[in-house]
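Numbers restart at 1 for each chain; the letters A, B, ... are given by sequence-line order, proteins then strands.
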There are 2 protein chains.
Amino acid sequence: MTNLKAAIPATQPHLIAPIENVPLRVQVADRLRGEILSGRLRPGTGLVETALAEQLNVSRAPIREAIQILENDGLVETIAYKGKRVKPLTAREVAETYSLREVFEVMAVTRILESGAPLDGLYQHCDEMTAAAKAGNYAALVAADEAFHHTLIRLADHDLLMASWRNLYMRIHQIMALRNRDEENLEEIAGNHPPIVQALADRDAERAMSLISEHTRILAAFDPDGIVQAL
Amino acid sequence: MTNLKAAIPATQPHLIAPIENVPLRVQVADRLRGEILSGRLRPGTGLVETALAEQLNVSRAPIREAIQILENDGLVETIAYKGKRVKPLTAREVAETYSLREVFEVMAVTRILESGAPLDGLYQHCDEMTAAAKAGNYAALVAADEAFHHTLIRLADHDLLMASWRNLYMRIHQIMALRNRDEENLEEIAGNHPPIVQALADRDAERAMSLISEHTRILAAFDPDGIVQAL
DNA sequence: TTCTTATGCATTGTCGACATTCCACAATCA
DNA sequence: TGATTGTGGAATGTCGACAATGCATAAGAA
C-alpha cells in the first residue's frame, strides 16, 4: 500500500476542484474495506495497527478508528489486547446472509408493487448483465448484478432498508470475490433477472417474490467448499 | 455523570471476583447509549468530546471511539470539524423502523414454524406483560415486551437476524422512551401478544404474521407529535 | 449602510509516547 | 517428570499536546 497523506498536501491552496476533506480514518477504512471485499485480504488475516500505520504512513489513531468502522461493518473482529483480524466466514454466516438478503428483497418487491414505482433502470441493468455474461466478464457481471439489486432496493424508497441492504451486500460482495468464479454459470445468473423484472411489470407479487427467493437460494447454494475457513 | 476510572483502581490486586476488563470505550459507549435510549439525552443534543472527557474523567481517545460505536449503532451523527450530536428522529425514520421490524418478526415467525421450535418463554413473557399492564407499570411492560420479542427472534435461530433486530430495537427503545407514556393503552399492548403465541402454537402462519403486522402498525401509528424534532 | 475580508474561538482530527494486558516460553521447585 | 512461577515480547488501550477546519463575529473599505 502506498502513502496516504502524500495525496493530500498539508497546506494546499484552494484549487479549482478542492480535494474533498476526507478524514484519514475514512480513507483508511475505504482502502481496507476494498482489500477485504475484493478478497485480497482473506478472512482470518491479522490486522496489526502498528504495521498498518507504518505501511500507510499515518499514526495509529486513524488506523484504530478505521478498523472500528470495519468492525461495525461486520468485516473485522477484535480480541482485546490480542489482535484484530478479518472476520472468518462460517458456512452458517454465508447461509444467513443470503436468507436475510432474500427477506430484504422480498420486502422491496412488496413495497415497489404497493407504491407503483416505475421500474426505471432495472431493464438497463439486465441488459448489462446479459452482455457481461456473454463476454464471460465476471467482474462486469458482478457489478451489473449489484447495480440491479441496488436499484431494486432503491425503488422501495426505504432508507433504513437501503442501509441494511448495503451492509449485508458487502458480505455478499466478499463471498462472491472469494468464490471460484470458474464454477459459476454466468449466463444462468444473468438469465435469472429479466423474469423478475417481467413479474414486477406484470404486478405479479407472488411470482416476483418466488423468483427472487429461488434466485437467492441458488446463489447461496453455490458455496461448495473453499470459502469457509476454520477458526 | 460520575467518574468512570474511579471504579477500577489502576493497581487492583486479584480479588475473588476479578473485575471484568472492559475497555473504557465500551464503558463510555454503554453509558451514553443508556442515556440516549432512556431519553435522558434527547435527539439533537450535542456531544462534545472534551466536555465528556472531563465529565467522565478519561481522555478523549476512548470518548471518540465510544461515540463512533454509537454512530455505527445509528444513534449519533458526526459532522466533521463541527460537532457530534444525538441523531434527530424524523417521522420517516420512525415509520421505517417499525416497518423493518415487522419484516424481521415475520421472518422469525416463518422460521419458527418451519423449524418447529418450541415456544418456550413466550408464554411467560406474555404473563409478565399482562401483570405489568394491570399494575400500570410502564417500565415493566416495556421490559417484558422487549423480552417477548427478543425471545421470538431468538427462537428463529438466526444470528444475523438477531444482530439486525437488536440494532433496530435500540431505536424502538428510544422511541418508546420519548413517547408520552400516558397516551398509551397498556392493557391493549399487553393483550396483543397472547393471540400471536396462540397462532404460533396452532402453526397458523398466516394468522401469526397478520397479527404481528397489525401489532407493529398500531405501535408505529402511536407517534402523534412530540418525538420528531426539526433539524 | 452594506458588502467583503480577516481573525479568533470552539470543535474535531492527528500524532507520538507511555501504560496495560495477554500469551508463550523458559526457569524453578517438589 | 510435572506443575508452577516468572519474564519477555507483541499487541492493543490510554493519554496529553498540537494541527486543521469551519463558523461566527468583528473590522474595514466602498
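Between A:S164 and B:L100, the closest side-chain pair of non-hydrogen atoms falls below 4.5 Å.
Every residue meeting the side chain to side chain contact (heavy atoms under 4.5 Å, CB included) condition with A:V103, not counting sequence neighbours, appears here in chain and number order: B:V103, B:M107. In this view, B:A131 satisfies the side chain to side chain contact (heavy atoms under 4.5 Å, CB included) rule with no residue, not counting sequence neighbours. A:H215 is linked by a ring pair (Phe, Tyr, Trp, His ring centres under 6.0 Å) to A:H149, A:H193, counting only residues two or more places apart in sequence or in another chain. For A:R154, the side chain to side chain contact (heavy atoms under 4.5 Å, CB included) partners are A:T151, A:M162, not counting sequence neighbours.
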Under 4.0 Å protein heavy-atom contacts per nucleotide of nucleotides 6-12 of chain C, with B for base, S for backbone only and - for none: -----SB
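In this entry the distance linking CG of B:L52 with P of D:dC15 reads 14 Å, nearest Å. Between B:L24 atom CG and D:dG16 atom P there is a gap of 12 Å when expressed in whole angstrom units. Distance CD (A:Q27) to C1' (D:dA20): 14 Å, rounded to an integer number of Å. One can place CD of A:E54 at 15 Å from C1' of D:dA10, the figure rounded to the nearest angstrom. Atom-to-atom, CD1 of A:I63 to P of C:dT14 comes out at 11 Å; the value is rounded to the nearest Å. As rounded to whole Å, 13 Å separates atom C1' of D:dT14 from atom CG of B:N57.
Listed pair B:S59 / D:dT14 fails the phosphate criterion, with no side-chain N or O lying under 4.0 Å from OP1 or OP2.
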For residues 168-175 of chain A, which side-chain N or O atoms pair as donor and acceptor with protein atoms under 3.5 Å away, sequence neighbours left out?
unit_1: A:Y169; atom_1: OH; unit_2: A:D145; atom_2: OD2; d: 2.8
unit_1: A:R171; atom_1: NH1; unit_2: A:E93; atom_2: OE2; d: 2.9
unit_1: A:H173; atom_1: ND1; unit_2: A:E146; atom_2: OE1; d: 2.9

